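Read the structure below first, then the notes.
Because the structure is predicted, anything quoted here is derived from the model rather than measured. Heads up: numbering here begins at 1 and tracks the sequence.
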Amino acid sequence: MPELDAVEGTVSVWCARLDAPPAVARLADVEHYAASTMKVAVLAAAYRLVEAGRLDLDAAVPVVNEFASSAPGAPAFACTERYDNDPGVWAALGREVRLRWLADRMITRSSNLATNLVLDRVGRAAVAEAWRAVGARHSVVGRGIEDAAARDAGITNTVTAADLGALLSAVVTGPPLVSTASSRAMLATLEAQRGVEDLAAGLPPGTRIAHKNGWVMGARHGAGVIFPADAPPYVLAVCATTPLARNDVADDACALLARIAAASWRDRHDLAPAMS
């Protein structure tokens, strides 16, 4: 898409069939602040721990809003309700819920509070292992969401389009990242994603897509597996760090991601392993 060269900021794209090198790899190894796309890596880490017998998704978890900072010696931090996307998890404060439910809300509603609760059970080391398992070279989950002390200390969450593409590809194929059963469960969660204003908006209505997006002021990302009825499935990951991203479901960054998804759909029969 020649128009990407005119976009202020950095737009990274990685697009490939599951069994092929990328057909498009534009600035695919450039690091971006992850926003909520890091939640897919947390989900993968959770399922890997379940398979290792180290985590029970049906365990009861107290819903609290106090978390240890990743910055050594820093005080505990908390999430801010108005920055979250899911009042359902906040309504459960002070009660116990199933970890499986929190993992679902982390993805389908992009709940920040649910994410920190799941990350607390999973641990950053397990998330790093999940990234390594898919061959990710740059992506890191260094802290929980709204951990300001860690952020100020330079500890952050980063992704690249290539790493997100590799992660989503591995989720579909299952082994060795996760078992086939876990792959199906993760895909079902990603398909239930409620945020459909960017990548999904560029696809024909009813198109099957398992995806996760992420957004903050100045960044809008989306990564997903698209399942055309008339072509092999393919993975599309877009990371856009740009002033077009105004933290709004109707902003120009959403429209940009939708146009990229539409272009990938038009080329779905012709995706070939040629770098660009």
With rounding to the nearest 0.5 angstrom, report the [atom1] to [atom2] distance, [X] to [Y].
X: T189; Y: K212; atom1: OG1; atom2: NZ; value: 12.0 Å
X: F227; Y: L203; atom1: CZ; atom2: CG; value: 12.0 Å
X: T115; Y: D120; atom1: OG1; atom2: CG; value: 11.5 Å
X: E191; Y: R184; atom1: CD; atom2: CZ; value: 12.5 Å
X: M38; Y: L119; atom1: CE; atom2: CG; value: 5.5 Å

For a 4.5 angstrom cut-off between non-hydrogen side-chain atoms, does [X] reach [Y]?
X: L99; Y: L55; answer: yes
X: V50; Y: S182; answer: no
X: D248; Y: W215; answer: no
X: E81; Y: N65; answer: no
X: S110; Y: D86; answer: no
X: V13; Y: L236; answer: yes
X: L164; Y: V40; answer: no
X: W131; Y: L167; answer: yes

Point to revise | Intermediate values then yes/no, side chain to side chain donor-acceptor pair (under 3.5 Å), D29 and T160 | key: CA-CA 5 Å; D29 290 321; T160 68; 4.6 Å; no

Can a salt bridge be assigned to the pair [X] and [Y] using a cut-off of 4.0 Å between side-chain N and carboxylate O?
X: R48; Y: E51; result: no
X: R220; Y: D252; result: no
X: R109; Y: D84; result: no

Practice item. Decide if atom CD of E66 counts as having more than 12 heavy atoms of other residues, nucleotides or ligands within a radius under 6.0 Å. Key: no

Review point. In terms of hydrophobic clusters joined by side-chain contacts under 4.5 Å, are I209 and L18 together?
Key: no

**Study point:** ILVMFWY cluster, L93 and W101 together (side-chain gap under 4.5 Å)
**Key:** yes

So, [X] side chain and [Y] main chain: donor-acceptor pair closer than 3.5 Å or not?
X: D163; Y: S139; result: yes
X: E8; Y: P243; result: no
X: D251; Y: A245; result: no
X: R26; Y: V11; result: yes
X: S70; Y: G142; result: yes
X: S12; Y: L27; result: yes
X: R17; Y: R268; result: yes
X: N112; Y: N85; result: no
X: H221; Y: A240; result: yes
X: S183; Y: V171; result: yes

Practice item. Assess the side chains of S69 and D147: does a donor N or O sit below 3.5 Å from an acceptor N or O? Key: yes

Exercise for review: Determine the interplanar angle of the F77 and F67 rings, folded into 0 to 90°, and report it as parallel if under 30°, tilted if 30 to 60°, perpendicular if over 60°.
Suggested key: tilted

Check your understanding: Can you check side chain to side chain donor-acceptor pair (under 3.5 Å) on N213 and K39, steps first, answer last?
Key -> CA-CA 9 Å; N213 45 16; K39 296 171 183 178; over 6 Å; no

Point to revise | side chain to side chain contact (heavy atoms under 4.5 Å, CB included) between R143 and N157, worked out | key: CA-CA 7 Å; R143 59 172 175 85; N157 301 324; 3.9 Å; yes

Point to revise | Worked verdict on L4 versus I260 for side chain to side chain contact (heavy atoms under 4.5 Å, CB included) | key: CA-CA 9 Å; L4 298 184; I260 294 171; 3.9 Å; yes

